[in-house]
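For this chain, numbers begin at 1 and follow the sequence in order. Whatever order the structure lists ligands and atoms in, that order sets their numbers, starting from 1. Predicted, not measured: the structure shown is a model, and the values here were computed from it.
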Amino acid sequence: MSKRIVIDPVTRIEGHLRVEVIVEDGKVVDAWTKGTMFRGLEQIIQGRDPRDAVYITERVCGVCMASHGWTSAMAVETAHGANVPTAARLIRNLLVGALWLHDHPLHFYHLSALDYLDILAVKDYQGNDARLIGVKERIMKLVDGGDTAPLFPRYEPDEFSVTDPEIVTTVLSHYLQALQIQAKAKKMSAVLGGKQPHQSSIIVGGVTVYPTAENIKDFRRLLTEVVHFIRTVYVPDVVSFATGPLLPLAKSGFGQGPGNYLAYGGFNLDDSGKEKLFKGGFIQNNRIENIEKFDESLITEAVTNSWYRAAAPVHPWNGTTDVNLDKQGAYTFIKAPRYKGLPAEVGPLARMLVYGYRPFKELVEKYEMKFGAVTRHLARAQEALIVCDAMFKWVEELEALLATGRVNIHDANSWEPPVAGKGAGLTEAPRGALGHWVQIEDKKVKNYQMVVPTTWNVSPRDDKNIRGPLEQALIGITVDENNPVNVVRVIRSFDPCLACAVHVIGSNSEKMIQI
Ligand code: NFE
Ligand code: MG
């Protein structure tokens, strides 16, 4: 017996995703991931001043926005030949790094943890911790009042759900605490970015906000609080889930993708951009000891199964975003990026494997985990620690630099766009490798292409009919047809952001708003 299960929309992710799977004898045998929203960022930028792209592309998303502003600035700076001053590089690292510290705990507590918790277990909490009693009362008041969003609706707990009342209540207390921490992390990026959401400091050639001693003090105070939470609450929670109740899932390789892992590298540690906090590289077919050098020229995007006109797969320099809603066989607005013609997983797991981060590898080896949904969560938590350590160093470096006197934060010499030029910005966003490509003609944007982490992970079948990473990760997993919680567990482990992935606004209705 074969059954098609459709989840539309997938909740507790960013943006609009539809997932269809075919289940036979309790296992997924085929899968389609569909980005159902059309945006249009790449067209909106065409014909504009290239310096506007930083602020337009930031509007792609409400989560990783500064990542786009940063990447866009890098692309346009390459075309301008601009040299970003040291202080501006550090300020950008701190501003963007703060968003990572916001994003990773958010993903675990608010988007994913509910897939592994039997929330109603709180009613059986019998301990005498006043804070936990408070959490129990708060949650039960919502349950009794029938107003349980966003905790419900969700799928039913199963054998992998944590049911111990003490643990469930503790994790829910951390869920609430993480909301406060998120606000603090957002404040950090506002201190250096002028405002949040959507910072207003990063511009082509540098930044505009010159930090005062007071700003640095505020930033460090908030950083200390956020890092304390990450080190003492978030990371231990993820590790205890991964090595405890979820260990059988981790050992089974539940939700393993194509086994190809790609990182562009990100967060410049020097002004030349050669030294990076996260290294770039490519791993093919799970050969994690063989890390290939990342080569940008090997990226292509196919649109065979996407609602766009184009023929063969092309490098983003030659990419087009030309919608064709009548295309036979197409099923998504997401394009299919490929590296060396292969689908590749991007994100924390790819980064930790390319980096060869010891603490992560040791945990994986010690517990004999295979790569998949659980190790994605573990990798995300481990890399948050790397960012935490780096943030303190960058604050110190910046403070020392500012103490030397008035320093430059913007390259004014390369502010004007060239008559013609091209540039790529490649870095890492919380969800994975992020690239923007700009071509300038007559001082205006001739073409602009973005290839985004979720475009990689949630890509459809390509020109060779090879499935995208999430589609592959879903195949083979065990699913209860009446309670397909395992499907969403795998989906959410990638932390997909469909707003980013599609980035390209169309309207089927005839109603248009005139301003
Ligand atoms: Ni909208 Fe994003 C990140 C980017 S997309 S969240 O991180 O770039 O996958
Ligand atoms: Mg694109």
Side-chain angles (χ1 to χ4, degrees), residues 13-17 33 35 37-46 53 57-72 74-75 96-97 99-104 106-107 111 197-198 262-264 266-267 278 299-303 306-308 310 313-323 332-338 344-348 350-351 376 380 383-384 387 424-438 447-460 468-470 491-504:
I13 60 165
E14 314 292 334
H16 303 277
L17 172 67
T33 55
M37 158 178 74
F38 179 71
R39 308 198 64 223
L41 273 289
E42 288 168 342
Q43 289 99 325
I44 291 170
I45 302 164
Q46 277 189 23
T57 57
E58 281 220 342
R59 267 69 189 173
V60 71
C61 179
V63 184
C64 69
M65 50 239 148
S67 300
H68 287 283
W70 193 40
T71 308
S72 180
M74 287 190 261
V96 178
L99 290 178
W100 285 50
L101 302 186
H102 162 270
D103 225 7
H104 283 6
L106 177 158
H107 175 256
L111 304 182
H198 301 112
L262 177 67
Y264 297 164
F267 287 108
F278 293 116
I299 300 170
T300 52
E301 277 192 306
V303 296
S306 316
W307 286 303
Y308 302 106
V314 289
H315 185 274
W317 286 132
N318 303 315
T320 53
T321 307
D322 188 6
V323 172
T332 179
F333 282 113
I334 302 178
K335 296 180 183 175
R338 296 296 184 256
E345 171 169 350
V346 300
R351 278 192 288 262
R376 267 177 215 118
R380 195 172 286 112
E383 77 168 8
V387 178
L426 294 147
T427 186
E428 294 289 328
R431 288 160 193 76
L434 172 64
H436 288 201
W437 286 261
V438 63
N447 195 16
Y448 202 96
Q449 290 287 307
M450 308 160 70
V451 182
V452 173
T454 301
T455 320
W456 281 100
N457 287 336
V458 186
S459 68
L470 172 56
I491 297 170
R492 293 193 184 113
S493 70
F494 284 93
D495 191 5
C497 173
L498 277 292
C500 276
V502 177
H503 60 255
V504 272

Tell me whether the Mg ion (ligand 2) has Thr321 as a neighbour, meaning an N, O or S atom of it below 2.8 Å. no
Would you call the rings of His436 and Tyr448 parallel, tilted or perpendicular, taking 30° and 60° as the class edges? perpendicular
Note, atom 2 (Fe) of ligand 1 has protein N, O or S atoms under 2.8 Å numbering 1
d(His198 NE2, Arg59 CZ) to nearest 0.5 Å is 5.0 Å
What is the ring orientation for Trp437 with His315, classed by angle as parallel under 30°, tilted 30 to 60°, or perpendicular over 60°? perpendicular
Looking at the Mg ion (ligand 2), which N/O/S atom of Glu42 is the nearest one? OE2
Is there a side-chain contact (heavy atoms from CB on, under 4.5 Å) between Tyr264 and Glu428 once you walk through the steps? CA-CA 6 Å; Tyr264 297 164; Glu428 294 289 328; 3.8 Å; yes
Can you tell me if His16 has over 12 outside heavy atoms packed within less than 6.0 Å of its NE2? no
Shortest non-hydrogen contact from Ala501 to Thr455? O-OG1, 3.1 Å
Of Arg380, Arg431, Arg492, Glu14, the residue whose pairing with His107 passes side chain to side chain donor-acceptor pair (under 3.5 Å): Arg380
